[in-house]
K.L.:
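Below is the structure I would like to discuss, written out as structure tokens.
Just so it is clear, the structure is predicted and the values come from calculations on it, not from any experiment. We number each residue from 1, following the sequence as shown.
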Amino acid sequence: MKFFYSTLFFFLCSIACFGQTASIKGIVHLLDGTPVKQATVRIKGTTIASVSNEKGEYLLAEVPYGSQVITVTSVEVQTKNLPLNVDKKKYDLHIHIDPRGDVSLDEIRVTGNSTKREIETKGFAVNVIETKEAALRNIQTNELLDRTVGVRVRQSGGLGSEVQYNLNGMTGRSVGIFIDGIEISTYGSSFNLNNIPPAMIERIEVYKGVLPAHLSGDLLGGAINIVLKKAGLTNNLSAAVSYGSFNTLQSDISAIYRDAKSGFTTRVAGTYMSSDNDYEIWGKFSKYIEPNGVLRRYYRTKRFFDGYRSVSGRFEFGFTGVKWADSFFLGYNISDSYNEIQHGQTMGTPYMGRTSEANANVLSLSYNKRNLGLEGLNLNINGVYSFRNTYIQDTIPWAYNWDGNVQLDINGNPVRNTDGAQQGRPMMTDIDRQVANIRSNLSYDIVTGHRVSVNHVFYSVDRKDQNLLTDVGKTGLNSKNDFSKNVVSFNYEAQTLNNRLTTNLFYKLYQQSIGKTSFVGTVNNGQVVISEEREKNNRTNAGYGLAVSYKVKPQVVLLTSAERAVRMPDDSETFGSPEENVLPNTGISPEISDNYNAGFRLGTFDFSGHKVSLGANAFWRNIKDRIMPFANELMNSQELELTQFVNLSSAQSLGFESELMYTYKDLAVNFNFSKFNSKNKQRYSPITGLESDNYNKQIPNEPFFTMNGNIHYRLKNVVQKSSELNLFYTVGYVAPFSTVWFDSEWFITPTQVSQNFGASYTFPSRKLIASVDLKNIFNAEIYDNFGVQKPGRGVYLKLNYSISKL
């Protein structure tokens, strides 16, 4: 009832306030005062526009009050967006363009921070990661995310290993991963965030909890949205190559071309990555079994079967900035990967010969148009259809030690695995998936500052599993599975009280269908009879929520949000995933969570050039049927090779995160931390049925306290005039966490402190950048999922060459 009245209050406040209009005039000129004629100045998302005259003068009339974005287009500069809070009748604003193509509005410098702040003050618990500096360095997108407040990238090993994202205790499919609004899972396991170098990314938006309308779906932990760079007036080409420890090679190339006359635009990109991942391990989970059965722990050796290779290409063709579309693209994405699987979920048993190969062919369509036949009517459509294949092979029967050799018994004979392969029975499993994903959003600006929208997500998977070593009937199939879901959300967004109050109110409907057909062979009168077993399940749920921000002052913003969210299990959690060592669980239930967030943003405050900003967020989540990997409660089986996603009937998370940023001239410092309690509220054990000893305990296998620090210092004119040297230092801390339910010091990871140093040198031409990164400088023990040790000290070199004007 309290939630209802709060919602009603903010709704009435919103509809009670209607916008006013203002006039904006000024001059577009270069820094030396030379007027810029024929520059287009527009209020983004409207028809309000002006072209500068011979004197560089422009005039924008009847500009609505509220948060607006001025778009500047000129032959001297790429398209630039300049946020402006319109809250008075008249403005006299000069637009300055410097020779490098940067734009400023009056005395306010236009940088990524303006877009960052605009997004971070709309009521959602969100952080915006800028990639400009990261693009110069030899770091992957996942590493960049791992340094963000409240984010923990869970990676079971080195390059190419399984990756999960943890946002304040929520992980796996609870967290959506998007590329320009399309879920990355559609592209297949052979394509992931590491296939997208930071140089291709405009920004990364990390939402925790409540999501905006364009990312609506069956998610409850939040979402990570990768916003790729768009085509502007300047065509460009960029290429990079890097090489480093563990024989790690990474290269990428990307290009954007737009014909100014026709609007024809193309974006192409390609990446290649490979690594032996033969890094050293020496922790307590590394062991060696002697022929007499004696177990030696803390065995120092190298991983010996963990190679990875991935290649991908992305091609998009279409039109931008034409009458019938703001953007229209047809795309094709191809990717292929090969992965040697070194072990199962834990490091308990090393593998030799278990491999997975994946490839995907993906067709895509995207369409965006503002004022579609009617002012204020906006349409966005993103559709993807992919053909994916995964092949897993595991036929070697011998047991191996961590030194890479076959285990020997007391008589010197090789030890054979009980079931005949590295993980269970021999397999040559072929999995075909056809995946469709369509996301559409239709919105209408009722009046200035008031918008209603409908968002629809359709996702379906048609999956066929076949073990080529098992001939089941004429089809040879082991199973056929189909999976689909629909999520419809209705949103109301308002900016009122002279743009001080921002309100987002929404309601969602969820529908999911799951079907499984198994082919079973039985012997009847000496003959094999093949029969089909069919399972079908349909589910529906509903959710709702509210996100609100209030600007007490321009530098003081209060944020709060609340929602009931539903998360449907995905196809890998339901039908299993052999390549990720996951067993099926067709009886798994949807996860329902009541999420609450409250926080603030302070700054940026300027004290004689010393700029400081602070953000903080507190969160509480009450979860029913939480979906999580199974963690054994019994001591005699902790080194699990396989896991299964199960429901924890009741769980609760309560935590706090904060981020502090400081800049002074060429120095930038950032510090953040996240601390939460994620407690089990399931009173009875699902195994024994008795009252559980784990009630009210911290949920295992989750890092619940992390801190990150970053220092960046820029030096100009080093060695050469107009050159730039950037120095970086980062440190990450992860508090000890248990990987099992019961109390055992043995299964608690040590305190982890990883330190990294990097430097990049930009040559005077601004086309060539060379960088070096020293990762995990002091070779610290770093662990992740179920105690898997991650790479130690590494050195990486990178060259980046770009042409900004073709």
K.L.:
In sequence, state the C-alpha distance, the side-chain angles, and the governing distance for Asn389 and Asp430, and then conclude on side chain to side chain donor-acceptor pair (under 3.5 Å).
P.N.:
CA-CA 7 Å; Asn389 175 265; Asp430 194 73; 3.2 Å; yes
K.L.:
Will you find, in the side chains of Gln423 and Tyr351, an N or O donor that is under 3.5 Å from an N or O acceptor?
P.N.:
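Looking only at side-chain atoms, Tyr351 and Gln423 do form a donor-acceptor pair, the distance falling under 3.5 Å.
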K.L.:
Using only heavy-atom distances, determine whether the side chains of His343 and Arg354 contain a donor-acceptor pair under 3.5 Å.
P.N.:
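Judged by distance alone, the side chains do not pair up.
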K.L.:
State, with a plain yes or no, whether a side-chain heavy atom of Val415 is found less than 4.5 Å away from one of Val406.
P.N.:
no
K.L.:
Is the backbone of Leu295 close enough, under 3.5 Å, to the side chain of Lys287 for a donor and an acceptor to pair up by distance?
P.N.:
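Such a contact is absent between Lys287 side chain and Leu295 backbone.
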K.L.:
Could you state the interatomic distance from OG1 (Thr429) to CG (Asn467), rounded to the nearest 0.5 Å?
P.N.:
4.0 Å
K.L.:
Closer than 3.5 angstrom, by distance alone: can the side chain of Asp394 be matched with the main-chain N or O of Gln422 as a donor-acceptor pair?
P.N.:
yes
K.L.:
Could you tell me whether Lys302 and Asp403 make a salt bridge, using a distance below 4.0 angstrom between a side-chain N and a carboxylate O?
P.N.:
no
K.L.:
Got a second to check how far Phe645's CZ is from Ser577's OG, nearest 0.5 Å?
P.N.:
9.0 Å
K.L.:
Taking only residues two or more places apart in sequence, or in another chain, which ones meet Arg416 in a side-chain hydrogen bond (donor to acceptor under 3.5 Å, both in side chains)?
P.N.:
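By the side-chain hydrogen bond (donor to acceptor under 3.5 Å, both in side chains) rule, Arg416 matches no residue at all.
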K.L.:
Could you tell me if the side chain of Pro350 sits less than 4.5 Å from the side chain of Asn401, heavy atoms only?
P.N.:
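No; the side chains remain at least 4.5 Å from each other.
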K.L.:
Closest heavy-atom contact between Pro736 and Thr749?
P.N.:
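The answer is CB-O, 3.1 Å.
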K.L.:
When rounded to the nearest 0.5 angstrom, what is the spacing between CG in Asn225 and CD in Glu183?
P.N.:
11.0 Å
K.L.:
Within the side chain of Trp402, is there an N or O that forms a donor-acceptor pair under 3.5 Å with the backbone of Met347?
P.N.:
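Answer holds: yes.
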K.L.:
Taking Glu573 first and then Arg567, would you say they form a salt bridge - that is, a charged N and a carboxylate O separated by under 4.0 Å?
P.N.:
yes
K.L.:
So, Tyr391 and Glu579: side-chain donor and acceptor under 3.5 Å apart, yes or no?
P.N.:
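The answer is no; no qualifying pair exists.
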K.L.:
Do the numbers put Lys790 on top of the ring of Tyr783, so that NZ or CZ is under 6.0 Å from the six-membered ring centre and no more than 45° off the axis?
P.N.:
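No, Lys790 does not lie over the aromatic ring of Tyr783.
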K.L.:
Could you tell me whether a side-chain N or O of Ser286 sits under 3.5 Å from a main-chain N or O of Gly283, the two making a donor and an acceptor?
P.N.:
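Here the side-chain-to-backbone pair does not exist.
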K.L.:
Does the side chain of Thr574 come under 3.5 Å of the side chain of Arg463 through a donor N or O and an acceptor N or O?
P.N.:
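Short answer, no.
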K.L.:
Look only at the side chain of Asp218 and the backbone of Met568, and say whether a donor-acceptor pair between them is shorter than 3.5 Å.
P.N.:
yes
K.L.:
Kindly compute the distance separating OG (Ser771) from CG (Leu797), expressed to the nearest 0.5 Å.
P.N.:
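Interatomic distance, Ser771 OG to Leu797 CG, rounded to 0.5 Å: 7.5 Å.
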K.L.:
List the atom of Pro426, the atom of Thr395, and the distance in Å for their closest heavy-atom pair.
P.N.:
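Reported closest heavy-atom pair: CB-CA, 4.4 Å.
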K.L.:
For Ile431 versus Pro578, what's the shortest heavy-atom pair and its separation?
P.N.:
CD1-CD, 3.7 Å
K.L.:
Is any side-chain heavy atom of Arg203 closer than 4.5 Å to one of Ile129?
P.N.:
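Contact flag for Ile129/Arg203 side chains = no.
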K.L.:
Are the side chains of Glu702 and Phe676 in contact, using a 4.5 Å heavy-atom criterion?
P.N.:
yes
K.L.:
Do Asp278 and Asp306 make a side-chain contact, defined as non-hydrogen atoms from C-beta onward lying under 4.5 Å apart?
P.N.:
no
K.L.:
Can you confirm whether the side chains of Thr271 and Ser312 place a donor and an acceptor under 3.5 Å from each other?
P.N.:
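Judged by distance alone, the side chains do pair up.
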K.L.:
Just one of Tyr298, Trp282, Tyr299 clears the ring pair (Phe, Tyr, Trp, His ring centres under 6.0 Å) bar with Tyr288, so which one?
P.N.:
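Result for ring pair (Phe, Tyr, Trp, His ring centres under 6.0 Å) with Tyr288: Tyr299.
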K.L.:
Regarding Gln250 and Tyr796, do their side chains bring together a donor and an acceptor under 3.5 Å, going by distance alone?
P.N.:
no
K.L.:
For Val461 and Asp482, what are the C-alpha separation, side-chain angles and deciding distance, and is it a side-chain contact (heavy atoms from CB on, under 4.5 Å)?
P.N.:
CA-CA 6 Å; Val461 180; Asp482 55 83; over 6 Å; no
K.L.:
So, for Phe778 and Arg793, which heavy atoms are closest and what is the spacing to 0.1 Å?
P.N.:
C-NH2, 3.8 Å
K.L.:
Kindly say whether Thr730 contributes a backbone atom to a donor-acceptor pair with the side chain of Gln755 at under 3.5 angstrom?
P.N.:
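Flag not set: sc Gln755 to bb Thr730 has no pair under 3.5 Å.
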K.L.:
Any salt bridge between Lys464 and Asp462, counting N to O under 4.0 Å?
P.N.:
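Salt bridge: no.
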K.L.:
Is any side-chain heavy atom of Val128 closer than 4.5 Å to one of Ile204?
P.N.:
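They are not in contact (no side-chain heavy atoms under 4.5 Å apart), so the answer is no.
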K.L.:
Do any N or O atoms from the side chain of Glu657 and from the backbone of Ser674 form a donor-acceptor pair under 3.5 angstrom?
P.N.:
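Pair absent, no side-chain N/O of Glu657 close to backbone of Ser674.
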K.L.:
Can you give me the closest heavy-atom contact between Leu583 and Gln644, atom names plus distance?
P.N.:
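Between these two residues, the closest heavy atoms are O-CG, 3.8 Å.
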K.L.:
Can any side-chain N or O of Ser802 pair as donor or acceptor with the backbone N or O of Leu237 at less than 3.5 Å?
P.N.:
no
K.L.:
Side-chain contact test, heavy atoms from C-beta onward, threshold under 4.5 Å: evaluate it for Asn726 versus His712 and give yes or no.
P.N.:
yes
K.L.:
What do the steps show when you test Arg425 against Thr418 for side chain to side chain donor-acceptor pair (under 3.5 Å), and what is the final call?
P.N.:
CA-CA 9 Å; Arg425 296 180 178 179; Thr418 305; over 6 Å; no
K.L.:
Any donor and acceptor pair, going by atom type alone, linking the side chain of Asn417 with main-chain N or O of Ala421 inside 3.5 Å?
P.N.:
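Confirmed, Asn417 side chain pairs with Ala421 backbone.
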K.L.:
Got a salt bridge between Arg303 and Asp276, using NZ or NE/NH1/NH2 to carboxylate O under 4.0 Å?
P.N.:
no
K.L.:
Enter the distance from Ser386:OG to Ile334:CD1 here, rounded to the nearest 0.5 Å.
P.N.:
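Reported to 0.5 Å precision, the distance equals 12.5 Å.
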K.L.:
Might you work through the side-chain contact (heavy atoms from CB on, under 4.5 Å) test for Phe757 and Asp773, ending with a clear yes or no?
P.N.:
CA-CA 6 Å; Phe757 175 79; Asp773 278 87; over 6 Å; no
K.L.:
So, for Gln407 and Tyr400, which heavy atoms are closest and what is the spacing to 0.1 Å?
P.N.:
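That would be NE2-O, 3.1 Å.
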K.L.:
With side chains defined as the heavy atoms from C-beta onward, is the minimum distance between Val731 and Tyr729 less than 4.5 Å?
P.N.:
yes
K.L.:
Taking Glu781 first and then Arg300, would you say they form a salt bridge - that is, a charged N and a carboxylate O separated by under 4.0 Å?
P.N.:
no
K.L.:
Can you classify the ring geometry of Tyr733 versus Phe705 as parallel (below 30°), tilted (30 to 60°) or perpendicular (above 60°)?
P.N.:
perpendicular
K.L.:
Examine distances only and state if a side-chain atom of Asn670 and a backbone atom of Asn710 form a donor-acceptor pair shorter than 3.5 Å.
P.N.:
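It does not hold such a pair.
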K.L.:
What's the verdict on side-chain contact (heavy atoms from CB on, under 4.5 Å) for Ile627 and Ile588, showing C-alpha distance, side-chain angles and the deciding distance?
P.N.:
CA-CA 8 Å; Ile627 299 173; Ile588 194 169; 3.6 Å; yes
K.L.:
Can you check salt bridge (charged side-chain N to carboxylate O under 4.0 Å, His left out) on Asp571 and Arg433, steps first, answer last?
P.N.:
CA-CA 10 Å; Asp571 64 303; Arg433 295 178 176 92; 3.6 Å; yes
K.L.:
For the CG atom of Leu159 and the CZ atom of Arg309, what is their distance to the nearest 0.5 Å?
P.N.:
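CZ of Arg309 is found 12.5 Å from CG of Leu159.
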K.L.:
Apply the test side-chain contact (heavy atoms from CB on, under 4.5 Å) to residues Asn701 and Asn785: give CA-CA distance (whole Å), side-chain angles for both, the deciding distance (0.1 Å), then the verdict.
P.N.:
CA-CA 6 Å; Asn701 198 38; Asn785 279 321; 3.6 Å; yes
